[in-house]
Amino acid sequence: MLIVVDRRPGGGMLLTDERGTTEVLAAELAAAVAAREHEAGEPPRWVWSDTAALYPELLAAGVRVERCHDLRLVDTILAGVDGRPPEPALARIVEFVRPAMPRPQADALFDLEDDDSSRRRSPARTQPPAVSAPVPASSIARAQRDELARDRGPGAPTPRDLALLAAAESAGALTAIEMQRTGLPWSATTHEALLTDLLGPRPDSPGARPARLAALGAEVERLLGASPGTVPLDSPPELVKALRRAGLEVSSARSWELSRIDHPAIEPLLRYKKLSRLLTANGWNWLDTHVHDGRFRPSYVPGAVVTGRWGSAGGGALQLPKLIRGAVQADPGWVLVVADAAQLEPRILAALSNDAAMARAGAGEDLYAGIVASGAVESREHAKLGMLGAMYGGTTGQSARVLPRLQRAFPDAIRFVEEAARAGERGERVRTRLGRTSPAPSEAWRERQLIAVSDAASAAQREEARSDARSWGRFTRNFVVQGSAAEWALSWMAGVRRRLWSPLGGPLASQPHLVLFLHDELIVHAPRERALEVEEVMRAAAADAGRLLFPGSAVSFPVTVATVDRYSDTK
DNA sequence: ATTCAGCGCGCC
DNA sequence: AGGGCGCGCTGAAT
């Protein structure tokens, strides 16, 4: 059963199914949906232009959606597959369904809440648009269904794979909204204790340096022989000048470069930079801005990255420093079930390339240990560096040195990424396992390649084109692995969500629910007595994802699962 | 006064 | 001369 959803010009929604279109006021939504589900005997699949614009309102009305199809996200994928621009009519619908949504900004995360305070701050947001949708979503849905089902010929993405991708992407969109609504359990008390411990008490005036930071700054200046307050520690370009004046030969203020310098001021300077980073990125200001009522509510942005990875906005949810993960704390009587996919990307590569030797190396819980056991390299560290280098296109250092050995041991895997790189260097597009397709290089890129092969090209032009080509090759090389890993992770998350789904409904936060998705890692917040069940769900869903993406493959995708009170308590 | 690019660093 | 991001800060540009 499909229900196509549009926003109703006067408020509420328009629901279109095989019986025609019904107007439903916001207050009636929950009842209308319940009636349809009861009639159909199965959960409907909601088809709409934009999950991010419509689902928050439904959740607020008490409607939980089990399955949906997000026309905007799927259109983006199909546009990539077929190398066409995004559907303009869809852009207009999206504009229609999210007319009052403000530009992303610091407090954007409150806009999706339904509490009174947000209404007070901006009553205009809840006003319905005065115009009707330029195109009903149902007409776009029909066209997209046909496009999804089209036979694209040998070697092209199949309808089966694209349908899987569309479902996974859409499930992700639902989860993103649900996770934002429930939020990540966050102990401001623990966070503050940590800040005070590392930085000193919170300064009274906003701009002031906390005590520990000020002391470190003074020590750096003393050791550089500079007068107090004369070394601009917070301005990289100015800091470089100051260091050079003090006789230190540095070309940038990067930590890794500074760490190579032998000078007594370097050690406190590096500590200063580390703590300063904590203060500015995740200090008291961050806490004030992003944590309320014991929850951190970032917005997640499915499909934000070309590879299919999510992005986030509002607080850097995907860059939570390990240093402050202790503040992620389960509610009393609840636990965090933390799961991460072990060595996901190399396992994805093994499956993509059908590399039997690498599949064998990954038979256990630790693929890198398996690579060492195979005799290919000396140590786990070498195995890891080498594989990362192979997937990112590293050409220097330790990773380049072990690459030949990996190539001998795992020829199929290495050939696979090399071919992706060569395709990129030729300006071709590459695809993930389920068909997400890399963008074509820019016109300027092509132009430079063409010029480079002409007789008139200068040596500099040839070199620049070569460098450009290599760079794009590194992108396509990584795209196939990162993008396929993102598909596995989306499938995993969708499986966890489906298995945790309760047909009884009720408030999302009264039963086990996903609270964090971090590329290859999931956290479920669960009542303590259901922890074992959730752990099993995490494992089972991971196995499902492997079978779904790589039917018949020998490659396994183990997940490490830990039930903890605090995020930092995992390994 | 506001906008923007570059830097640097956090995460995967 | 290593892929993908978001964010805060700085200093220059507008």
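Numbered from 1 within each chain, the chains take letters A, B, ... in sequence-line order.
- Using a 4.0 Å heavy-atom criterion, one finds that A:Ala485 contacts no nucleic acid atom at all.
- For C:dG3, neither phosphate oxygen OP1 nor OP2 lies less than 4.0 angstrom from any side-chain nitrogen or oxygen of A:Thr307.
- Residue A:Tyr392 and nucleotide C:dG2 are not classified as a stacked aromatic pair, given the requirement of ring centres less than 5.5 Å apart at an interplanar angle below 30°.
- In this structure, A:Asp355 does not pair ionically with A:Arg415, as no charged nitrogen and carboxylate oxygen lie closer than 4.0 Å.
- Contact check on A:Arg466 versus A:Glu463 returns a salt bridge, with a Lys/Arg side-chain nitrogen under 4.0 Å from an Asp/Glu carboxylate oxygen.
- To the nearest angstrom, P of C:dC5 lies 15 Å from CZ of A:Phe517.
- OP1 or OP2 of C:dG2 sits under 4.0 Å from a side-chain N or O of A:Thr395.
- Closest to the side chain of A:Val306, out of B:dC9, C:dC5, B:dG10, is C:dC5.
- In this structure, A:Glu345 reaches neither bases nor backbone, as no heavy-atom distance under 4.0 Å exists between it and the strands shown.
- Nearest nucleotide to the A:Thr280 side chain, out of B:dG10, C:dG8, B:dC12: C:dG8.
- Between the side chain of A:Arg309 and the base of B:dC12, a donor-acceptor pair under 3.5 Å is found.
- For the OP1/OP2 pair of B:dG8 and a distance below 4.0 Å, the side-chain nitrogens and oxygens of A:Lys273 include no atom meeting the criterion.
- Atom CD in A:Glu464 sits roughly 15 Å away from atom P in C:dA1 (whole-Å rounding).
- Among the atoms of the strands shown, only primed sugar atoms or phosphate atoms (P, OP1, OP2) are found under 4.0 Å from some heavy atom of A:Ser255.
- A:Arg466 comes within 4.0 angstrom of no nucleic acid atom, judged by non-hydrogen atoms across all strands.
- A sub-4.0 Å separation between OP1 or OP2 of C:dG11 and a side-chain N or O of A:Ser235 is present.
- With distances taken from any side-chain atom of A:Gln319 to the nucleotides C:dC5, B:dC12, B:dG8, the minimum falls on C:dC5.
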Go through the steps for A:Phe550 and A:Ile348 under the test side-chain contact (heavy atoms from CB on, under 4.5 Å), then give the verdict. CA-CA 9 Å; A:Phe550 304 105; A:Ile348 291 289; 3.9 Å; yes

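- Across all their heavy atoms, A:Ile371 and A:Met387 have their closest contact at CD1-CG, 3.9 Å.
- Out of B:dC11, C:dC5, C:dG6, the shortest distance to the side chain of A:Ser312 is found at C:dG6.
- A:Trp256 has its CH2 atom 13 Å from the P atom of B:dC7, to the nearest Å.
- One atom, NE2 of A:His290, and another, P of C:dC7, lie 7 Å apart when rounded to the nearest Å.
- One atom, NZ of A:Lys241, and another, C1' of B:dC7, lie 14 Å apart when rounded to the nearest Å.
- Contacts of A:Ser399 with the nucleic acid, taken as non-hydrogen atoms under 4.0 Å apart, are absent.
- Ring to ring, A:His191 and A:Trp286 are close: their centroids are under 6.0 angstrom apart.
- A straight line from CD of A:Glu521 to P of B:dC11 spans 12 Å, rounded to a whole angstrom.
- Picking from C:dC5, B:dG10, B:dC11 the nucleotide with the shortest atom distance to the side chain of A:Val305 gives C:dC5.
- Between A:Asp234 and A:Arg209 there is a salt bridge, since at least one side-chain N of the basic residue sits less than 4.0 Å from a carboxylate O of the acidic one.
- The side chain of A:Asn478 sits closest to C:dG4 out of C:dG4, B:dC9, C:dC7.
- Contacts of A:Arg474 with the nucleic acid, taken as non-hydrogen atoms under 4.0 Å apart, involve only primed sugar atoms and P, OP1 or OP2.
- Taking only side-chain nitrogens and oxygens, A:Thr396 comes nearer than 4.0 Å to OP1 or OP2 of C:dG2.
- Among the protein residues, A:Gly389 comes within range of no part of the nucleic acid, since none of its heavy atoms lies under 4.0 Å from any strand.
- At a threshold of 4.0 Å, the pair A:Arg470-A:Glu425 counts as salt-bridged, since one of the basic side-chain nitrogens sits closer than that to a carboxylate oxygen.
- An OP1 or OP2 oxygen of B:dC12 is reached within less than 4.0 angstrom by a side-chain nitrogen or oxygen of A:Lys322.
- The side chain of A:Pro321 approaches B:dG10 more closely than any other nucleotide in the set C:dC7, B:dG10, C:dG2.
- When distances are taken from the side chain of A:Arg254 to each of C:dG3, B:dG8, C:dG11, the shortest belongs to B:dG8.
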